[in-house]
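Read the numbers this way: they start at 1 and go in the same order the structure lists the ligands and their atoms. Side chains are part of it too, since the values below use all heavy atoms of this structure and drop only hydrogens, waters and symmetry mates. The shown structure was predicted, so the numbers you read here are calculated from the model rather than taken from an experiment.
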Amino acid sequence: MDHFNYRDGVLHAEDVSLADIAASVGTPAYVYSSATFERHFKVFDEALDGMPHLVCYAMKACSNLAVLKLLGDLGAGMDVVSEGEFRRALAAGVPGERIVFSGVGKTPAEMRFALEHGVRQFNVESAEELEVLSQVASGMGKTAPITLRVNPDVDAKTHAKIATGKSENKFGVPIADARQVYARAAALPGIEVVGVDVHIGSQLVDLQPFEDAFSIVADFVGQLRADGHAIRRLDLGGGLGIPYRRANEAPPLPFDYGALIKRTVGHLGCEVEVEPGRLIAGNAGVLIASVIYRKQGAGREFLILDAAMNDLIRPAMYDAWHDIVPVIEPAPGTESLPVDVVGPVCESGDTFAKGRALPPVGAGELVAFRSAGAYGAVMSSEYNSRLMVPEVLVKGDQFAVVRPRPTFDEMLARDTIPQWLD
Ligand SMILES: *Cc1c(COP(=O)(O)O)cnc(C)c1O
């Protein structure tokens with residue numbers, strides 16, 4: 001459920017008309033709903049009621065400071081994958097003890113930064129990383145709390161680019177090798193083992209792969225405890241999918257996911273962490289855009305927007321579907337016609353949808369991409385020297401620009417011409 005609905009014939013974010021935001025901020029622009037973020041966080045949090053837990057928002061999905069502050073104030077922890085993200089969490093007021101550090105390529109400098117700021121735990125992804133972390137922590141006179149990310153070799157049945165739990169993926173340590181790595185961890189001076197971590201992929205629309213992975217982890221915890229490790233924490237990752245095609249998708253609910261967690265690992269008496277990103281942010285944001293041209297092609301029509309793949313790369317990158325709707329509600333009974341929805345970037349990959357049935361929208365009119373809150377603005381770029389897309393946060397009847405569109409001068413000022421060319 002989200003808070004983007006038609007009111008008086010105009011699509012609104014909560015109580016604010018998207019046409020008003022477009023008039024004030026221009027297009028393209030991302031618009032987020034505070035109430036939707038809040039609702040999704042609470043639904044997730046409540047799904048784990050009755051067991052000690054921390055919902056660590058995977059901020060790579062949408063890391064605007066305003067969004068992080070909103071979630072942090074609700075008690076969310078953060079899952080970060082770089083020093084930049086760690087700094088965002090701190091800047092939003094989230095203390096180190098609620099920040100978990102994931103990622104396959106943490107550098108010694110990033111480890112140092114995290115240790116200085118009291119990181120909750122490192123989710124270590126290799127034996128090699130473990131050695132470096134121990135050295136860094138020992139050198140600082142500290143001990144690094146860790147989980148080892150195990151790779152359970154489970155097929156998440158999602159898009160290949162976001163499947164992470166198969167043995168051919170770069171993530172984690174194969175579960176068959178993990179026992180040995182834990183033994184090494186216990187012997188290292190700069191390491192304190194606190195738990196086990198697993199994350200098998202993103203946009204999972206079926207609970208079975210989670211069930212398989214969590215059951216494997218539960219068995220593994222038994223083994224580790226028998227080996228003498230004090231396993232008190234389980235990080236179960238993120239990955240729960242969201243409905244991108246409202247008409248015909250119904251992914252599992254957080255409540256059922258929570259029940260599955262209780263059923264598979266509840267008996268272990270561990271504190272559980274989960275790292276949802278997409279589920280919290282995805283349906284909390286839309287991308288609004290204007291139609292520049294409606295162009296007649298050979299046997300097809302193109303809707304050319306002022307948004308492009310540099311603003312929203314998911315269709316080009318993951319073959320992703322986004323519902324596209326006119327901001328002005330079409331009259332009942334309006335006929336939809338197939339159009340190719342594209343951006344102005346000089347690549348055929350800059351296509352949002354092919355043959356999409358849309359009510360007739362013409363030049364100058366506004367459309368909204370739904371479910372664009374996750375992996376939207378964070379993956380935007382200036383490709384084709386298009387200005388970075390702005391972000392707007394709505395709360396009730398208020399809205400604020402939380403990342404402005406830069407000016408062309410600002411964009412140009414970042415480059416410098418070396419002396420020898422002057
Ligand atoms: C990307 C990622 C997540 C979040 O995945 P979602 O599908 O957005 O929930 C969580 N944990 C790790 C380690 C990740 O890499």
**Report entry** Enumerated ligand 1 atoms positioned under 4.0 Å from heavy atoms of E275
**Finding:** 3 (C), 4 (C), 9 (O), 10 (C), 11 (N), 12 (C), 13 (C)
Query raised in the report: Looking at ligand 1, does D79 have a heavy atom less than 4.0 Å from it?
Result: yes
Requested in this report: Please state whether P276 comes within less than 4.0 angstrom of ligand 1, counting heavy atoms only.
Outcome: yes
Requested in this report: Verify the ring-centre separation between H117 and F113: is it less than 6.0 angstrom?
Outcome: yes
Report task. Would you check whether F171 reaches within less than 4.0 Å of ligand 1, judged by its heavy atoms? Result -> no
Report summary line: Shortest non-hydrogen pair, A372 vs Y30, comes out as O-CE2, 3.3 Å
Report task. Assert yes or no for the condition that the ring centre distance of Y244 to H322 is strictly below 6.0 Å. Result -> yes
Report task. Below 4.0 angstrom from a heavy atom of K60, which ligand 1 atoms are there? Numbered from 1 as shown, please. Result -> 1 (C), 2 (C), 3 (C), 4 (C), 14 (C), 15 (O)
**Report entry** S102, any N or O under 3.5 Å of ligand 1 N or O
**Finding:** no
Query raised in the report: Are any of the side-chain heavy atoms of H199 and L236 separated by less than 4.5 Å?
Result: no
Query raised in the report: In terms of atom number and element, which parts of ligand 1 are under 4.0 angstrom from non-hydrogen atoms of Y375?
Result: 1 (C), 4 (C), 5 (O), 6 (P), 8 (O)
Query raised in the report: Just distances here: any N/O of G237 and N/O of ligand 1 closer than 3.5 Å?
Result: no
Query raised in the report: Charged N to carboxylate O under 4.0 angstrom, D2 versus R370?
Result: yes
Query raised in the report: Under 3.5 Å, is there a donor-acceptor pair between the Q121 and E273 side chains?
Result: yes
Query raised in the report: Is the closest heavy-atom distance from A374 to ligand 1 below 4.0 Å?
Result: no
